[in-house]
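Single-structure report; data block below.
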Amino acid sequence: MIDKQCRDVSPVQAKIRACLSLLNDRRLSTAYLAPINGEISSTFQSLRDYDNAIKYKKIEIDRANTAVEQPSRSIEPLPASLGAMSLRYMELGTLQALNRLTNFDSQSDEARRGATEEQNNYNLALSYNPMNYRAYRYRAEIRSLFCDSASAALDIEAAVRFAEQAGDQDAARDYKRVTLSACIPAWRRD
């Protein structure tokens with residue numbers, strides 16, 4: 001149903017309308033809410049509309065968190081969902097990075113706030129999957145911008161180690177050669 005009424009619709013403006021219309025269908029199972037919002041987010045990302053992509057990625061995460069709560073109303077997520085939640089938070093951080101790089105002067109307070117949110121999402125990604133080597137790599141970049149070179153170096157080491165453990169030799173090789181961004185002095189943490 002999602003494929004025919006949302007995912008496979010084109011052009012992109014029609015796809016967004018179709019997906020939003022599907023969300024308004026009261027008969028729709030709540031299990032479909034997160035994937036549909038994820039589809040809307042990725043469609044806005046393809047349009048380089050990062051504000052809306054971020055908005056719908058946050059809704060996707062919220063819906064996914066609601067859907068994975070156990071029947072006992074425990075706040076502990078189901079184990080099968082941990083990797084997916086880690087990926088969602090990493091994707092949100094990446095969207096925030098794209099938004100920051102596209103829309104803000106790199107020295108500005110808005111860019112700093114965006115980078116702080118981005119780092120928080122990488123932290124959340126790692127809380128769901130402590131072996132998410134891509135999240136370590138992206139967090140290293142942010143820590144470098146915040147002039148925390150020691151933590152950035154530790155994150156790169158973790159990224160290499162976990163990429164090797166996962167068998168992703170290409171990523172491990174790339175991470176070994178990475179040159180992190182220069183520190184932005186105005187962003188130094190107090």
Side-chain angles (χ1 to χ4, degrees), residues 2-3 7 31-46 48 50 53-70 74-102 114-183 187 189:
I2 292 178
D3 288 345
R7 189 172 291 135
Y32 293 114
L33 297 178
I36 293 170
N37 280 290
E39 195 63 34
I40 295 169
S41 175
S42 67
T43 304
F44 277 118
Q45 180 181 357
S46 72
R48 294 191 171 126
Y50 300 118
I54 289 166
K55 172 184 170 182
Y56 283 97
K57 181 57 72 174
K58 287 179 177 179
I59 294 170
E60 174 192 0
I61 289 169
D62 183 54
R63 298 296 185 242
N65 273 327
T66 302
V68 299
E69 286 183 7
Q70 297 178 8
S74 166
I75 59 170
E76 291 298 314
L78 297 171
S81 69
L82 297 179
M85 290 306 297
S86 180
L87 178 62
R88 286 181 180 110
Y89 278 111
M90 190 180 70
E91 290 170 345
L92 178 56
T94 303
L95 288 170
Q96 288 166 325
L98 291 168
N99 193 44
R100 174 176 51 82
L101 294 169
T102 304
T116 300
E117 286 183 35
E118 182 184 341
Q119 182 175 1
N120 290 339
N121 284 305
Y122 298 139
N123 292 340
L124 287 165
L126 290 167
S127 74
Y128 281 96
N129 178 4
M131 296 176 67
N132 184 337
Y133 53 92
R134 289 180 181 90
Y136 281 109
R137 165 62 184 97
Y138 298 144
R139 189 174 71 176
E141 188 72 28
I142 293 299
R143 286 182 162 177
S144 180
L145 292 172
F146 280 122
C147 307
D148 188 355
S149 57
S151 294
L154 290 173
D155 276 352
I156 288 294
E157 288 174 18
V160 170
R161 182 173 65 251
F162 291 127
E164 289 173 342
Q165 287 178 12
D168 190 344
Q169 298 307 318
D170 292 336
R173 184 177 53 252
D174 290 345
Y175 296 164
K176 286 178 185 175
R177 292 184 277 182
V178 76
T179 302
L180 294 172
S181 296
C183 159
W187 286 13
R189 297 194 185 274

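Just so it is clear, the structure is predicted and the values come from calculations on it, not from any experiment.
A salt bridge links K57 to E60: one of the charged nitrogens lies within less than 4.0 Å of a carboxylate oxygen.
R88 approaches A34 most closely through the heavy-atom pair NH2-CB, 4.3 Å.
Side-chain contact check for K55 versus N37: every heavy-atom pair is 4.5 Å or farther apart. Side-chain contact check for N123 versus N120: some heavy-atom pair is nearer than 4.5 Å. Looking at heavy atoms from C-beta onward, F162 lies out of side-chain contact with R134 at the 4.5 angstrom threshold. Between D174 and V178 there is no side-chain heavy-atom pair separated by less than 4.5 Å.
A donor-acceptor distance shorter than 3.5 angstrom exists from the side chain of S127 to the backbone of L124, with no hydrogens or angles considered. Formation of a donor-acceptor pair under 3.5 Å by the S42 side chain with backbone atoms of E39 is found in this model. Between the side chain of Y122 and the backbone N or O of G93 there is at least one donor-acceptor pair closer than 3.5 Å. Side-chain atoms of E141 come within 3.5 Å of backbone N or O of S181 as a donor-acceptor pair.
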Quick one: do L92 and Q96 satisfy side chain to side chain contact (heavy atoms under 4.5 Å, CB included)? Show the steps, please.
CA-CA 6 Å; L92 178 56; Q96 288 166 325; 4.1 Å; yes

Would V160 and E157 count as a side chain to side chain contact (heavy atoms under 4.5 Å, CB included) here? Give the steps. CA-CA 5 Å; V160 170; E157 288 174 18; 5.9 Å; no

Item to complete: Could you walk me through whether D148 and Q119 pass side chain to side chain contact (heavy atoms under 4.5 Å, CB included), step by step?
Response: CA-CA 12 Å; D148 188 355; Q119 182 175 1; over 6 Å; no

**Pair L87-M90, side chain to side chain contact (heavy atoms under 4.5 Å, CB included): steps then yes or no** = CA-CA 5 Å; L87 178 62; M90 190 180 70; 3.8 Å; yes

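Between W187 and F146, the two ring planes are tilted [angle within 30° to 60°]. Ring pair F44/Y56 is parallel by interplanar angle, where below 30° counts as parallel and above 60° as perpendicular.
Rounding to the nearest 0.5 angstrom, the gap separating the CD atom in E117 from the CD1 atom in I142 is 11.5 Å.
E118 pairs with exactly one of R139, R100, R143 by the salt bridge (charged side-chain N to carboxylate O under 4.0 Å, His left out) rule, that one being R100.
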